[in-house]
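In what follows, a structure is listed as structure tokens, so that the remarks can point back to it.
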There are 2 protein chains.
Amino acid sequence: MIEATPNPVTTVMRALADPTRRAVFERVFESKEISVAELTRGSGVTQGAISQHLKSLKKAGLVAERAEGRNVYYRAAPEGLEPLVTWMDHYGVFWRERFQNLRDLLKEIDP
Amino acid sequence: MIEATPNPVTTVMRALADPTRRAVFERVFESKEISVAELTRGSGVTQGAISQHLKSLKKAGLVAERAEGRNVYYRAAPEGLEPLVTWMDHYGVFWRERFQNLRDLLKEIDP
DNA sequence: CTAATGCATTAGCATCCGCTAATTGAAACG
DNA sequence: CGTTTCAATTAGCGGATGCTAATGCATTAG
């Protein structure tokens, strides 16, 4: 059975599961804005591949674009990670970390 | 360029990117322990497929097993999600939520 | 013991994925 | 104007992926 429109969690996970594409997202995130050409430079893959990855990331809501002249500048949309956060939250992942941080904090305050 | 041993983030993401396999993880998580046969019941796929998914999840560190007689009981290993948490943390997703919860906790402790 | 059950593993298949190379179109440059 | 640059899109390929069906191996039941 094929879901017509995949679950948002699935979309985001799949977008970030590929190392190359995740690296693209990371570079987009680190730069405030970055063009496709510049993104292609250190990537080790073709410009076409980069465009395809950006398309996936955009469809997942992880990046946004702004066209200016013949350039297209991409920026990260971290709010696109929300499905992941929600999913992990639902499975109680943050509690431990929260408590860990709380513990660290309390240890600092009252060692 | 192929990484011999994929990044842990990649391994976990890929393990959870597939809806069927993610559903398996979720069911394992909800049950404290669950056998493969019981896991196969509502899954819509074959027992063989379930075993394969469990193998992936195990390799990703997301589940652990306990053999007893001819049954094998699986349980979730949520600490296997840590690579995801760390990765997302590095990209600043949790800060707001974490602080919010930390604040709530501290308010409970010392109102 | 024989039969049945639980699980892992394998071969094979259809599909999906990431990539390249090439094309197209738009915009800047000489 | 022609040329160059930027970016998206497409066809096609090799390899990965998820599945089934079948097999094999333990373990339990009758």
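Any value given below was found using the heavy atoms of this structure, including those in side chains, with hydrogens, waters and symmetry copies removed. Given the structure is predicted, the values throughout are model-derived calculations rather than measurements. Chain A is the first sequence line, chain B the second, and so forth, proteins listed ahead of strands; every chain is numbered from 1.
We find that CZ of R21(B) is positioned 16 Å from P of dC16(C), with the value rounded to whole Å. Residue L57(A) contributes atom CG, which lies 11 Å from atom P of dG18(C) at whole-angstrom precision.
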Between side-chain atoms of residues 70-80 of chain A and protein atoms elsewhere (two or more places apart, or another chain), which donor-acceptor pairs fall under 3.5 Å?
residue : atom : partner : partner atom : Å
N71(A)  : ND2  : Y73(A)  : OH           : 3.3
Y74(A)  : OH   : E65(A)  : OE1          : 3.4

Side-chain donor-acceptor pairs of residues 44-54 of chain B under 3.5 Å, sequence neighbours excluded:
residue : atom : partner : partner atom : Å
Q47(B)  : NE2  : S51(B)  : OG           : 3.2
H53(B)  : ND1  : R21(B)  : NH1          : 3.3

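Applying the salt bridge (charged side-chain N to carboxylate O under 4.0 Å, His left out) test to pairs two or more places apart or on separate chains, those with a residue in residues 33-44 of chain B are E33(B)-R66(B).
For F29(B), the ring pair (Phe, Tyr, Trp, His ring centres under 6.0 Å) partners two or more places apart in sequence, or in a different chain, are Y91(A).
No side-chain N or O of W87(A) forms a donor-acceptor pair with one of E82(A) less than 3.5 Å apart.
Where E68(A) and T46(A) meet DNA chain C, the nucleotide closest to each residue was compared, and T46(A) sits on the side nearer the 5' end.
Among dC19(C), dT20(D), dG18(D), the nucleotide with an atom closest to any side-chain atom of V45(B) is dT20(D).
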Reading nucleotides 2-15 of chain C from the 5' end, what letters show protein touch, with B for base, S for backbone sugar-phosphate only, - for no heavy atom under 4.0 Å? --BBSBBBB-----
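Scanning both residues, L62(A) and A15(A), for their nearest heavy atoms gives CD1-CB, 4.1 Å.
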